Amino acid sequence: MARRYLLRSAGLTALAASALLSATLITACSTGTDDASDADAITVSQPWIKATDDPAADNGMTSAFAVIENSSDHDIRLVGASSDVAKMVELHEVVESGGATSMREVEGGIVVPADGSVTLDPGGEHFMLMGVTAPIRSGDLATITARFDDGSTETIEALARDFDGNQENYSPSGASSSPTVSVPPVERSRDHGEHS
């Protein structure tokens, strides 16, 4: 009888251990979605960069644009960027004050709303590339790495194209690393397609 009890007890222990192992594996497999990075929920479309044949004539600056979509259920904050064609990239916005339009760095980054998108376009929010290291001709590709608040990144390949709109007048401000820029008003396209 003692032997039968030991075998039953060992069988129950093995069954309990098997159930515990199965529960652990199921839990481990299901946590993958909780660990998704902000970049995993981001889709970038229509990326392009303003061509500059003579970076010195443009004070070593140009801009890049795109549509950034967020498929998650929470807002995602774009907080920075870098590029293979510039020494520094900032997130900029164009603001109107006292009848004048100027460009400045966005404080706190750009929010991409939950299940929504943000359009970076001329005359609005955009990537500002400073210290452009070489000419960027129409048809060239430039890599921009967007960085999100959680530290994750998304690599963007932007096609360079000629763009005559927004002939910015750059004038560095003394105290800030960001330029103060006068930007003539521009009519914004609603279809976000080709700009002329």
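None of these values were measured; they are calculated from a predicted model. One-based numbering along the sequence shown.
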Output the distance between atom NZ (Lys50) and atom CZ (Phe65), rounded to the nearest 0.5 Å.
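Between atom NZ of Lys50 and atom CZ of Phe65 there are 7.0 Å.
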
First locate atom CE of Met103, then atom OG of Ser63, and finally report the distance between them rounded to the nearest 0.5 Å.
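Met103 CE to Ser63 OG: 5.5 Å, rounded to 0.5 Å.
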
Please evaluate residues Glu105 and Met128 with respect to the criterion side chain to side chain contact (heavy atoms under 4.5 Å, CB included), reporting the C-alpha separation (whole Å), side-chain torsions for both, the decisive distance (0.1 Å), and the verdict.
CA-CA 9 Å; Glu105 187 171 10; Met128 187 73 213; over 6 Å; no

Of all residues at least two apart in sequence or in a different chain, which pass the side-chain hydrogen bond (donor to acceptor under 3.5 Å, both in side chains) check with [X]?
{"X": "Ser82", "answer": "none"}
{"X": "Asp115", "answer": "none"}
{"X": "Thr52", "answer": "Asp58"}

Can you give me the closest heavy-atom contact between [X] and [Y], atom names plus distance?
{"X": "Gly108", "Y": "Val79", "result": "O-CG1, 4.4 Å"}
{"X": "Gly109", "Y": "Arg77", "result": "O-NH1, 4.0 Å"}
{"X": "Ala51", "Y": "Asp162", "result": "CB-OD1, 3.7 Å"}
{"X": "Pro55", "Y": "Pro135", "result": "CG-N, 3.8 Å"}

Quick one: name the residues clustered hydrophobically with Leu141, using the 4.5 Å side-chain heavy-atom rule over I, L, V, M, F, W, Y, and just say none if it's on its own.
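So far as hydrophobic clustering goes, Leu141 is joined with Leu159.
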
Output the rest of the hydrophobic cluster of Leu120: all Ile, Leu, Val, Met, Phe, Trp and Tyr residues reachable through side-chain heavy-atom contacts under 4.5 Å, sorted by chain and number.
Ile42, Val44, Ile49, Ile68, Ile76, Leu78, Val85, Val89, Leu91, Val106, Ile110, Val112, Val118, Phe127, Leu129, Val132, Ile136, Ile144, Phe148, Ile156

Quick one: list whatever passes salt bridge (charged side-chain N to carboxylate O under 4.0 Å, His left out) with Glu154, sequence neighbours left out.
none

Asp150: which residues meet the salt bridge (charged side-chain N to carboxylate O under 4.0 Å, His left out) condition with it, sequence neighbours left out?
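Once residues adjacent in sequence are excluded, Asp150 has no partner under the salt bridge (charged side-chain N to carboxylate O under 4.0 Å, His left out) criterion.
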
Do Arg104 and Glu93 make a side-chain contact, defined as non-hydrogen atoms from C-beta onward lying under 4.5 Å apart?
yes

Pairs in or reaching into residues 137-147: which pass side chain to side chain donor-acceptor pair (under 3.5 Å), with residues at least two apart or in two chains?
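For residues 137-147, and leaving out neighbouring residues, the side chain to side chain donor-acceptor pair (under 3.5 Å) pairs sorted by first residue read Thr143-Glu157.
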
Would you confirm whether Asp75, through its side chain, and Ala114, through its main-chain N or O, come within 3.5 Å as a donor-acceptor pair?
yes

